[in-house]
Amino acid sequence: DHSLKIAQISDLHLSADDATHRDIPVREQFVRTLERALEARPDMIVLSGDLSADHGEVGAYRFLQKCLDTITIEDLSWPAPQLATYPYHS
């Protein structure tokens with residue numbers, strides 16, 4: 001099988017704290033979405049769109065890095081898993 005399974009998570013709108021965005025608890029929602037994506041054992045995870053809610057808020061990116069640091073090679077299916085981030089703007 002030569003297929004490539006990509007999990008894309010877009011427009012996170014993370015904040016430096018546990019604030020909501022449009023009444024959505026975005027940090028909690030992102031963690032659940034990431035866990036669900038990892039259950040599918042993708043070859044690659046792509047984060048795209050607005051990663052932070054407030055123009056490159058450092059705390060938002062620290063939280064994101066903390067979440068991504070929990071991903072291990074065993075979580076992904078390809079022998080050389082990749083993680084790519086393509087923010088639309090910060």
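By convention here, the first residue in the shown sequence is residue 1. If you're wondering where the values come from, they're calculated on a predicted model, not measured in any experiment.
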Quick one: does any side-chain atom of Asp50 pair with a main-chain N or O of Asp11 as donor and acceptor, under 3.5 Å?
no
Would you compute the distance between atom OG1 of Thr20 and atom CD of Glu28 and round it to the nearest 0.5 angstrom?
11.5 Å
Closest heavy-atom pair, Pro42 versus Ala37, reported as atoms and distance to 0.1 Å, is CD-O, 3.3 Å
Atom pair OH/CG of Tyr61 and Leu12 - distance to nearest 0.5 Å:
9.0 Å
Taking the side chain as every heavy atom from C-beta outward, state whether Val31 and Cys67 have any pair of such atoms under 4.5 Å apart.
yes
Roughly how far, to the nearest 0.5 Å, is CD1 of Ile9 from CD of Gln29?
10.0 Å
Show your reasoning for whether side chain to side chain contact (heavy atoms under 4.5 Å, CB included) applies to Phe30 and Leu51.
CA-CA 10 Å; Phe30 170 65; Leu51 301 181; over 6 Å; no
Taking all heavy atoms of His13 and all of Val26, pick out the closest pair and write down the distance.
O-CG2, 3.5 Å
State whether a side-chain donor-acceptor pair under 3.5 Å links Gln65 with Arg62.
no
Output the distance between atom CG (Leu47) and atom OG (Ser10), rounded to the nearest 0.5 Å.
9.0 Å
Over all heavy atoms of both residues, which pair between Ser15 and Glu57 is shortest? Give the atoms and the distance, please.
CA-OE1, 3.7 Å
Distance-only, no hydrogens or angles: does the Asp43 side chain make a donor-acceptor pair with backbone N or O of Ile6 under 3.5 Å?
no
Got a second to check how far Glu35's CD is from Ile71's CD1, nearest 0.5 Å?
10.5 Å
